[in-house]
Asks: 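Sharing a structure below in structure tokens format, with a few things to ask.
So that the names make sense, note that chain A is the first sequence line, chain B the second, and so on, each numbered from 1. No hydrogens, no waters, no symmetry mates; every other heavy atom, side chains included, goes into these values.
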Amino acid sequence: MALSIATWNINSVRLRIGLVEHFLKTHAPDILCLQETKCPNDQFPSKPLKALGYEHIVMHGQKGYHGVATISRVPLTELVERRDYCGVGDARHLSVVFRHGAKSIRLHNFYVPAGGDEPDRTINPKFGHKLDFIEEMKLLHAEAEAGISSILVGDLNIAPLEHDVWSHKQLLKIVSHTPVEVDGLTEVMTKGAWVDLMRRKIPADQKLYTWWSYRAQDWNAADRGRRLDHIWSSADLEAHLSEITVLREARGWERPSDHVPVIATFDL
DNA sequence: ATGGTCGATCGTCGA
């Protein structure tokens, strides 16, 4: 029985609700996790999503900034969590639990702080916040709850591997690919026993990006991308992963997000 | 080496 989970930093869900509808119509994931919805909960555009069969919507929004939402066509349980990482009141995490066949699965939806421009916490508090957020994520274990498998998706704002960026050497001092962030995210994975599902299907020696800056004249020709969006799971789900799709074409849609959807399909 | 572009909101911050 197939299960598909998608993640997409939408960069304003109200502005791009048409693109979300198009994506749901053409790819029909069972569940879509959005980040950077930039939308208070009472203004979330639920109606067109429900009309497409996505009747189960859990939001964690705030005015103007951040915000995550999980949109599902399969029922979700009452076991919803919204964790306030770093205790600053940002809407950057949401997790839900659903059943699929014999399994119960907790699905975490994360929007990790971008961290500003200067990779030095003594002069840039935003970078310090990012490092503290990652530190707190190290406490999250893929097997935290007995009998519940885990999937973790989202915009983690870190490209950990050499071929997750267009130039490893030129980005070593650029926030998202600095050694302190990469080491931190790697430790989140190892301590929590998470599996990087995208790299189980696309080998680490191949370039793989999910984000291209708005600032490039021609994002496609320059192809200076980064893999900032991720799909991880607990070890028990790895053997059931059938496909990973990075929807690069979405970067070329009209008025696009700077991130593209990533979809994991399981056979469970 | 620098600047380049977006979105929410309405001067400026965050990315």
Side-chain angles (χ1 to χ4, degrees), chain A residues 7-23 33-45 59-69 84-93 109-121 123-134 153-160 164-178 180-182 184-185 209-230 248 250-262:
Chain A
T7 181
W8 193 8
N9 177 319
I10 194 64
N11 188 14
S12 175
V13 69
R14 283 174 290 178
L15 188 67
R16 289 188 239 285
I17 186 64
L19 294 186
V20 176
E21 290 175 67
H22 177 68
F23 172 67
C33 294
L34 294 174
Q35 302 87 36
E36 271 206 278
T37 53
K38 294 185 174 178
C39 178
N41 290 344
D42 61 3
Q43 292 176 36
F44 194 91
M59 308 157 217
H60 187 200
Q62 67 183 83
K63 187 179 177 183
Y65 304 105
H66 325 312
V68 288
D84 182 7
Y85 280 74
C86 302
V88 292
D90 287 352
R92 295 183 178 274
H93 169 266
N109 180 355
F110 272 98
Y111 175 50
V112 172
D117 287 333
E118 195 60 53
D120 178 350
R121 70 180 306 154
I123 56 174
N124 173 19
K126 284 186 286 209
F127 193 68
H129 178 213
K130 184 178 196 175
L131 296 181
D132 292 344
F133 195 105
I134 292 295
V153 308
D155 176 5
L156 305 185
N157 265 316
I158 297 173
D164 291 341
V165 294
W166 62 275
S167 169
H168 171 62
K169 201 173 169 184
Q170 285 177 261
L171 271 76
L172 277 170
K173 292 180 178 172
I174 302 298
V175 172
S176 72
H177 194 60
T178 65
V180 63
E181 294 168 84
V182 168
L185 194 69
Y209 313 137
T210 64
W211 172 90
W212 292 260
S213 172
Y214 282 127
R215 296 177 186 177
Q217 296 185 354
D218 184 338
W219 70 273
N220 195 33
D223 201 20
R224 293 184 168 190
R226 304 178 202 170
R227 182 170 72 113
L228 302 180
D229 304 275
H230 298 267
R248 182 184 170 112
R251 186 61 180 78
W253 291 348
E254 197 176 331
R255 284 199 93 180
S257 169
D258 44 358
H259 296 252
V260 300
V262 183

Asks: Under 3.5 Å, is there a donor on one side chain and an acceptor on the other for A/Lys38 and A/Asn11?
Replies: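 Judged by distance alone, the side chains do pair up.
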
Asks: Between B/dA1 and B/dT12, how far apart are the two P atoms, rounded to whole Å?
Replies: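 My reading of the P atoms in B/dA1 and B/dT12 gives 30 Å.
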
Asks: Got a list of protein N/O to nucleotides 13-15 of chain B N/O distances below 3.5 Å?
Replies:
unit_1 : atom_1 : unit_2   : atom_2 : d
B/dG14 : OP2    : A/Lys126 : NZ     : 3.4
B/dA15 : OP1    : A/Arg92  : NH2    : 3.1
B/dA15 : N6     : A/Arg215 : NH2    : 2.8
B/dA15 : N1     : A/Arg215 : NH2    : 3.1

Asks: Quick one: A/Ile174 CD1 to B/dA1 P, roughly how many Å, whole number?
Replies: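 After rounding, the gap between these two atoms is 11 Å.
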
Asks: Could you tell me whether the phosphate oxygens of B/dG7, OP1 or OP2, come under 4.0 Å of any side-chain nitrogen or oxygen in A/Arg255?
Replies: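 Affirmative; the distance criterion is met.
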
Asks: Using the P atom as the reference point in each nucleotide, state the distance between B/dT2 and B/dC6 in Å, no decimals.
Replies: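 So the two P atoms sit 23 Å from each other.
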
Asks: Would you kindly say whether A/Tyr209 and A/Asp229 are connected by a side-chain donor-acceptor distance under 3.5 Å?
Replies: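 Side-chain D/A pair, A/Tyr209 to A/Asp229: absent.
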
Asks: Tell me yes or no: between the side chains of A/Trp212 and A/Asp223, is some donor less than 3.5 Å from an acceptor?
Replies: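 Present: a donor and an acceptor within the cut-off.
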
Asks: Send over the distance from A/Leu19 CG to B/dC6 C1', rounded to a whole Å.
Replies: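 Spelled out: CG on A/Leu19 to C1' on B/dC6 is 14 Å.
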
Asks: Contact class for A/Arg224 vs. all strands (heavy atom < 4.0 Å): base, sugar-phosphate, or nothing?
Replies: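 Counting heavy atoms under 4.0 Å across all strands, no contact is made by A/Arg224.
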
Asks: Side chains of A/Thr210 and A/Arg227: is there a donor and an acceptor less than 3.5 Å apart?
Replies: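 The answer is no; no qualifying pair exists.
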
Asks: Could you work out the separation of B/dG7 and B/dG3 based on their P atoms and round it to a whole Å?
Replies: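 Nearest-Å result for B/dG7 against B/dG3 at atom P: 22 Å.
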
Asks: Does B/dG7 have OP1 or OP2 under 4.0 Å away from a side-chain N or O of A/Arg14?
Replies: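 No, no such contact exists.
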
Asks: With A/Tyr85, which residues qualify under ring pair (Phe, Tyr, Trp, His ring centres under 6.0 Å), at least two apart?
Replies: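 Counting only residues at least two positions away or on another chain, A/Tyr85 forms a ring pair (Phe, Tyr, Trp, His ring centres under 6.0 Å) with A/His93, A/Phe110, A/Phe133.
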
Asks: Does a donor on one side chain and an acceptor on the other come within less than 3.5 Å for A/Gln35 and A/Thr7?
Replies: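 The answer is yes; a qualifying pair exists.
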
